[in-house]
Chemist: 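Please read through the structure below; I'll follow up with questions.
Counting starts at 1 for both ligands and their atoms, in listed order.
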Amino acid sequence: MRLLQTRAELAAWRQEQVGRLLHFVPTMGSLHGGHQQLLRRAAEPVSASRPAVLLSVFVNPLQFAPGEDFARYPRDLAADAALGEAAGACALFAPAPEELFPGGPGELTRVIPPVSLQETLCGPGRPGHFEGVATVVCRLLALVRPDRLLLGEKDWQQLTILRRVVADLALPLTVQGCATVREADGLACSSRLRYLSACERRQASAVREALASAFTLWRGGTGSAAALTGAVGRHLEAAGLAAEYVQLVHPSTLRPVAEADGLSLLAVAARCGNTRLIDHVFLMNRAPIVAIDGPAGAGKSTVTRAFARRLGLLYLDTGAMYRALTWWVRERGVDPTDPGAVAPLLEGLDLQLVMEAGGEQRVRVNGHEVSEAIRSPEVTALVSTVAAHACVREALTRQQQAMGQQGGLVAEGRDIGTAVFPDADCKVFLTATVAERARRRSVDLAQRGFAVPDLADLEAQIAERDHLDSSRPVAPLRQAADAVELVTDGLGIDAVIQRLVDLFRERVPEDAWPGPTPIPVP
Ligand code: PAF
């Protein structure tokens, strides 16, 4: 591992990394299990390429208020270097303050995060802290120019603020949060645990216990913020810990909420002697639902299937359900344009999506295995017509909502985020230009041995299908207001899946839902 102490050394090392992904883990040193985990995650290969991992150690004076522990903050560069190297860092950037702030901290351009994200949780008790964090991190990012910045979810407010800063300044990188790592006694790993005496250490475990008992209360049906924060406060007081705050907030806006609803964050800061400790627990009322919609031919099925497999979520392929019904309509010789003729087929319709051990999904309708047959051009040509009938939409939406009651799935379809799962945790509108979709369709048809029309005809067909889908009176194709648009032109499938995982994890933290064990790739 290379030790870089000046901006010039960093710049020269950075130059050597051109063409390689660069993942960056900024720290204030005094490294512990949480940092180790961040470094290991940073070193994980992305689409078979091994990123270079840069660790930085800098005790940032800007984020300490007068009277805080800047002077006594633990510093041990040799130990940090050893741990960093063992955890996979390729280089350690450990600049002196003059290197990072050549004109002195007073002369520095400051980055001021939105007030709304600073006025709850740690903000009021640590004035200027997040401005100091945002300023130093932006400075580091400008020097390092990483592809990915990894931060712990333990400092949830810091992570939320830095995500926002990166988005608002349109910095070309991805921010990845990683689950809180805990010591054997349940305390969240933190450099400040070193300040605790053995007796304080035992006392400090009340922070975790207080949150755990509030969690149990919430599981038992208590959702009110007053009841949950009151319970945590009493627990801390009984253990002799002084609570700085106990708050129930929305995890993205950080605004206080009166009731735990959907996903909420119950967070606490408490003093144990002179040491300030923070911790949190997420309250999530069901396993996550991801809704992926967008126009036909944008690669939704392929991507969604792979994404679901990667996260160990069930893949609910609603398009396959409409296709299976269309296949059945054809099979029964019913006029697909006549809703009156189609409606009776919906009664007692036995439509099953079966996930096989390898993650492959099979489709059955009324006892027929139709996984391949529903992809034929004949079904493709009719599925829009069948799916446009209100009776079809209602019946299949009801079935999909029943399948999604417990969550734990990725659902794909034209109106999933708007009509079927409007409360999905993560909504993505996956799209590609008409030209790109036509190109992909021609490759796909050729691969499956079907006749390939010329590209201009395919483009016209796709444009026509878009028009039909978005102007239909029942369940038109629309991007949900809270969906993120992901244009896949020029992106390989691995890159699209990685973007989806990153978007998902912005909304569903690992601390809230670590995920079931993903299905291993056969
Ligand atoms: O989390 C930390 O250690 C610090 O706040 C950070 C992000 C390295 C900025 O100084």
Chemist: Compute the shortest N/O to N/O distance between Q158 and ligand 1 and return yes if it is under 3.5 Å, no if not.
Modeler: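 Yes, there is a polar N/O contact under 3.5 Å.
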Chemist: Does the pair R148/E44 count as a salt bridge with the N-to-O cut at 4.0 Å?
Modeler: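 Here R148 does not pair with E44 in a salt bridge, since their nearest N and O are not under 4.0 Å apart.
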Chemist: What I want to find out is whether D502 reaches R163 closely enough, with some N-O distance under 4.0 Å, to be called a salt bridge.
Modeler: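 Result for this pair is no, no salt bridge flagged.
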Chemist: How does T27 reach ligand 1, if at all, at less than 4.0 Å between non-hydrogen atoms: by side chain, backbone, both, or neither?
Modeler: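 Backbone only; the side chain of T27 stays clear of ligand 1.
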Chemist: Report the residues that fulfil ring-ring contact (aromatic ring centres under 6.0 Å, His included) with F101, sequence neighbours left out, ordered by chain and then residue number.
Modeler: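 With sequence neighbours excluded, F101 shows a ring-ring contact (aromatic ring centres under 6.0 Å, His included) to F58, given in chain and number order.
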Chemist: Please list, in number order, the atoms of ligand 1 under 4.0 Å from a heavy atom of V136.
Modeler: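 Counting from 1, the qualifying ligand atoms are 9 (C), 10 (O).
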Chemist: Enumerate the residue pairs fulfilling ring pair (Phe, Tyr, Trp, His ring centres under 6.0 Å) with a member in residues 148-183, sequence neighbours excluded, ordered by first and then second residue.
Modeler: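 Sorted result for residues 148-183: W156-F282.
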Chemist: Which of the listed options, H129, R139, Q63, holds the heavy atom that is closest to atom 6 (C) of ligand 1?
Modeler: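 When every heavy atom of H129, R139, Q63 is considered, Q63 comes closest to atom 6 (C) of ligand 1.
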